[in-house]
J.: 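What follows is a single structure, and I will ask about it in a moment.
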Amino acid sequence: MSSSASATAVGPTPTRPRRLLTQNREMRQIGVYNWTLPAWAGRLPDGRTYNTCPSAGICRQVCYARHGTYLWPAVRAKHHANLQFVLDDPDGWEQAMLAELAAPKFAGRWIRIHDSGDFFSDDYTVRWLRIMRQRPEVNFYAYTKEVARFRRLVEPEPPENFLWAYSYGGTQDALLDPSVDRIADVFPDEESIAAAGWSSQEASDLLAVLGPRLVGVPANRIPHFLRRLDGRRFSQWQAEVDAECHTRLGAAEVRTITSAPSARRRHRPRSRRAA
């Protein structure tokens, strides 16, 4: 299984978690189960490095899944075990997920794919699509920044029981069309969501896929994250970073062009002295 999350194609003996789907306090209140991976980039206990969010942009600087309880050793170990199972035995993981979802308690329920992590490879994404189609009695939803991957693999023929919201703050923001796509953006607070004319999902995470198309998510009230956000929306912050990057690249290209000798000077023939 090739993926940006794995540094090598061969891993150790797979670690198989006892349960794949869990509920945190917020999800339990709305009857949703979730599947989780470690957030963004890190190192597994066996030394392999991973990146489960290859299209993360500014979001990685204020990611709730890299703070608080997500950093507790037992929680990190669970997330690492999930990822190792996917990487080392993808067929076994797919069958284990199908078997777990066959339990009667999941019929008619919603599964949030990734309360941290993302659809980090084509193969992993296709496996989730197969799982959804084989469990039509279960509903699935997700936020994702993997816009190009979803354009290719999901949008042409999405499973009927799968809904998703693209989310701003990633390196593929420019591919999003707010007039067409269902999009989530993180705002400083509820007031700024209302002022922008977006709809908040604060009452229930399911509103991200069941409510109006433009979804506002109030920022987590983590003081140092709020200072970094500095009153901006994720989309605004990412646009600033992208503009700065383009400016730097443009300046570098200008320096390269102006410092290089012209073709005429490089190939000018040496003059011959008269005999």
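Worth saying up front: this structure is predicted, and the values here are computed from it rather than measured.
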J.: Do D177 and S179 have a side chain donor and acceptor closer than 3.5 Å?
T.: yes

J.: Can Q95 and D91 be counted as having a side-chain donor-acceptor contact under 3.5 angstrom?
T.: no

J.: Carefully, step by step, assess D205 and Y143 under the rule side-chain hydrogen bond (donor to acceptor under 3.5 Å, both in side chains).
T.: CA-CA 10 Å; D205 195 54; Y143 298 83; 2.6 Å; yes

J.: Taking a hydrophobic cluster as the set of Ile, Leu, Val, Met, Phe, Trp and Tyr residues connected by side-chain heavy atoms closer than 4.5 Å, whether directly or through intermediates, do Y166 and L175 fall within one such cluster?
T.: yes

J.: Could you tell me if the side chain of R127 sits less than 4.5 Å from the side chain of P90, heavy atoms only?
T.: yes

J.: Do H114 and L37 come within less than 4.5 Å of each other through their side chains, counting heavy atoms only?
T.: yes

J.: Can you tell if the side chain of W237 reaches within under 4.5 Å of the side chain of R228, non-hydrogen atoms only?
T.: yes

J.: Which residue in the set V138, L20, N139, N161 passes side-chain contact (heavy atoms from CB on, under 4.5 Å) when paired with I111?
T.: V138

J.: Please determine whether salt bridge (charged side-chain N to carboxylate O under 4.0 Å, His left out) holds for the pair K145 and D173, giving the CA-CA distance in whole Å, both sets of side-chain angles, and the decisive distance to 0.1 Å.
T.: CA-CA 8 Å; K145 292 180 171 62; D173 278 11; over 6 Å; no

J.: Would you find a donor on one side and an acceptor on the other, under 3.5 Å apart, between the side chain of R28 and the backbone of Q23?
T.: yes

J.: Show the nearest heavy-atom pair for residues A219 and L229, with the distance to one decimal.
T.: CB-CD2, 3.7 Å

J.: Does a sphere of radius 6.0 Å around CZ in R221 hold more than 12 heavy atoms from other residues, nucleotides or ligands, not counting ones at 6.0 Å or beyond?
T.: yes

J.: Under 3.5 Å, is there a donor-acceptor pair between the H80 and Y50 side chains?
T.: yes

J.: Using the benzene-type ring in the case of Trp, are the ring centres of W110 and W35 under 6.0 Å apart?
T.: no

J.: Taking the basic N atoms (NZ, or NE/NH1/NH2) and the acidic carboxylate oxygens, is any pair closer than 4.0 Å for R213 and D181?
T.: no

J.: So does R232 pair up with E240, basic N to acidic O under 4.0 Å?
T.: yes

J.: Going by heavy atoms in the side chains, are I58 and Q61 under 4.5 Å from each other?
T.: yes

J.: Could you tell me whether E100 and R19 make a salt bridge, using a distance below 4.0 angstrom between a side-chain N and a carboxylate O?
T.: no

J.: Do the side chains of L207 and L214 join up, straight or via other hydrophobic residues, at under 4.5 Å, putting them in one cluster?
T.: no

J.: Can you see whether T125 engages D122 through a side-chain donor-acceptor pair at a distance of less than 3.5 angstrom?
T.: no

J.: Report the C-alpha distance between F106 and Y33 in whole Å, list the side-chain angles of each, state the deciding distance to 0.1 Å, and finish with yes or no for ring-ring contact (aromatic ring centres under 6.0 Å, His included).
T.: CA-CA 9 Å; F106 292 115; Y33 289 83; 4.8 Å; yes

J.: Tell me whether Q238 contacts the main-chain N or O of Y168 through its side chain, where contact means a donor paired with an acceptor under 3.5 Å.
T.: no

J.: Does a side-chain N-to-carboxylate-O contact under 4.0 Å join D89 and R16?
T.: yes

J.: Under 3.5 Å, side chain of Q236 to main-chain N/O of R233, donor-acceptor pair present?
T.: yes

J.: Counting C-beta onward and ignoring hydrogens, is there a side-chain heavy-atom pair between S116 and T36 closer than 4.5 Å?
T.: yes

J.: In terms of relative ring orientation, are F150 and W164 parallel, tilted or perpendicular, with 30° and 60° separating the classes?
T.: perpendicular

J.: Do L226 and V62 make a side-chain contact, defined as non-hydrogen atoms from C-beta onward lying under 4.5 Å apart?
T.: no

J.: Would you call the rings of Y124 and W93 parallel, tilted or perpendicular, where under 30° means parallel and over 60° means perpendicular?
T.: tilted

J.: For the pair D118 and R149, find out whether any cationic side-chain nitrogen is under 4.0 Å from an anionic carboxylate oxygen.
T.: no

J.: Under a 4.5 Å cut-off applied to non-hydrogen side-chain atoms, are R133 and E157 in contact?
T.: yes

J.: Is there a side-chain contact between L176 and Q172 in this structure, where contact means two heavy atoms from C-beta onward sitting under 4.5 Å apart?
T.: no

